[in-house]
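Note: hydrogens, waters and symmetry copies are ignored here, and every other heavy atom, side chains too, is used. Residue numbers start from 1 in every chain, and the chains themselves are labelled A, B, ... in the order their sequence lines are given, proteins ahead of strands. Source: prediction; values computed, not measured.
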There are 2 protein chains.
Amino acid sequence: MKTTRELNKLLKKRGIDKDRQKELKQERRTLKNRGYAANCRVKRETEEKTLEKRNDKMRYEMEIKMSEIEEAKKETEQMKRRYCNLNSEIEQLKKEHELYLMKVEEDNATRGQERGLKALLANRTEIKWEKVKEEPVSPISLKTYSI
Amino acid sequence: MKTTRELNKLLKKRGIDKDRQKELKQERRTLKNRGYAANCRVKRETEEKTLEKRNDKMRYEMEIKMSEIEEAKKETEQMKRRYCNLNSEIEQLKKEHELYLMKVEEDNATRGQERGLKALLANRTEIKWEKVKEEPVSPISLKTYSI
DNA sequence: ATGATTAGTCAGCAG
DNA sequence: CTGCTGACTAATCAT
């Protein structure tokens with residue numbers, strides 16, 4: 001009996017200790033869980049904010065890209081205008097050259113008469129020009145042969 | 001005594017009813033809260049997904065913008081090349097015109113001699129050309145006056 | 001009172 | 001076991 005009672009006592013004590021240990025253990029676990037939960041929420045919020053920031057950044061870069069496109073297109077338009085102007089200029093030059101050619105042609109036609117004269121003189125072998133004297137007022141001698 | 005007991009009974013019954021009512025009320029509230037919480041979570045997740053989708057969409061559009069910029073720049077480069085080519089052409093035309101002018105000038109210089117001859121003939125008042133006859137082979141008469 | 005949100009608790013999974 | 005996360009509950013805020 002005595003031993004049994006003492007045994008029971010010991011067992012009871014151990015049980016109590018076990019309960020205490022479990023209780024403490026659980027309490028610690030709970031406490032840690034509290035922290036884990038808080039951490040988890042903080043993490044979630046952080047990620048959300050990160051995502052939003054990334055979004056804003058993208059929107060900002062998007063605007064930059066838009067203006068870049070605008071700029072590039074503007075430059076292209078400018079180049080096109082300059083190209084057209086140059087094209088007009090080239091057309092103008094070609095026309096001028098053409099006109100010049102026609103004018104020269106005309107002159108040549110006019111000069112054709114002179115050339116006729118020259119030819120005439122050249123063919124008239126019976127006519128000869130000769131320098132007779134070196135004097136300031138030199139007489140010109142023409143010898144005429146009848147055909 | 002009887003009335004008191006019955007009264008107590010009634011009061012007790014009412015108390016129980018009150019507890020029940022409160023209990024039921026709380027239970028309903030709890031149930032509703034459960035739904036609210038679930039709804040809240042769903043809402044949060046939905047927003048997160050929405051944000052992410054928006055992000056992906058932006059990234060996609062960004063790539064499109066990039067290619068647009070690339071295209072615009074390429075077009076500008078092409079225009080620049082064409083512009084340069086046209087510029088070369090115009091330079092070439094100018095040079096050719098210049099060369100042509102020089103050639104014409106040269107011709108004129110050569111022709112200067114003829115012009116000299118013409119002037120000579122023009123100034124020599126003592127020389128006169130006259131058509132003497134209408135016959136096919138007409139003799140040319142030159143009258144010479146000595147100064 | 002109703003609905004939303006926050007923080008704490010537990011269950012359950014993953015490493 | 002430790003740490004994380006989903007779901008439930010109570011407390012609190014806001015309408």
Under 4.0 Å: is that the gap between some side-chain N or O of B:R41 and OP1 or OP2 of D:dT5? no
Base C:dG12 paired with A:R29 side chain (donor-acceptor, <3.5 Å): yes
Applying a 4.0 Å non-hydrogen cut-off, can you work out what A:E27 is touching in the nucleic acid: base, sugar-phosphate, or nothing? nothing
Assess whether one donor atom and one acceptor atom, taken from the side chain of A:R34 and the base of C:dA7, lie less than 3.5 Å apart. no
Nearest-nucleotide comparison on DNA chain C, the residue closer to the 5′ end among A:Q26 and B:A37: B:A37
Calculate the interatomic distance between B:N39 atom CG and D:dC8 atom P; express it in whole Å. 13 Å
Using a strict 4.0 Å threshold on nitrogen-to-oxygen distance, state whether A:E61 and B:R59 make a salt bridge. no
C:dT5 phosphate, OP1 or OP2, under 4.0 Å from B:K43 side-chain N/O: yes
Respond yes when some side-chain nitrogen or oxygen of B:N33 is under 4.0 Å from OP1 or OP2 of C:dG3, and no when none is. no
A:C40 or A:K25: which one's nearest nucleotide on DNA chain D is closer to the 5' end? A:K25
Counting just side-chain N and O atoms, does B:K32 come under 4.0 Å of either OP1 or OP2 of D:dT9? no
Please say yes or no: joined through hydrophobic side-chain contacts below 4.5 Å, possibly via intermediate residues, are B:Y83 and B:L93 part of one cluster? yes
Assess whether a salt bridge exists between B:K103 and B:E98, defined as any Lys/Arg side-chain N lying under 4.0 Å from an Asp/Glu carboxylate O. no
Output yes when at least one side-chain N/O atom of B:T30 is less than 4.0 Å from OP1 or OP2 of D:dC8, else no. no
Pairwise 5' ranking along DNA chain C for A:L31 and B:Y36, keeping only the more 5' one: B:Y36
Here the pair of heavy atoms bringing B:M79 nearest to A:M79 is CB-CB, 3.7 Å
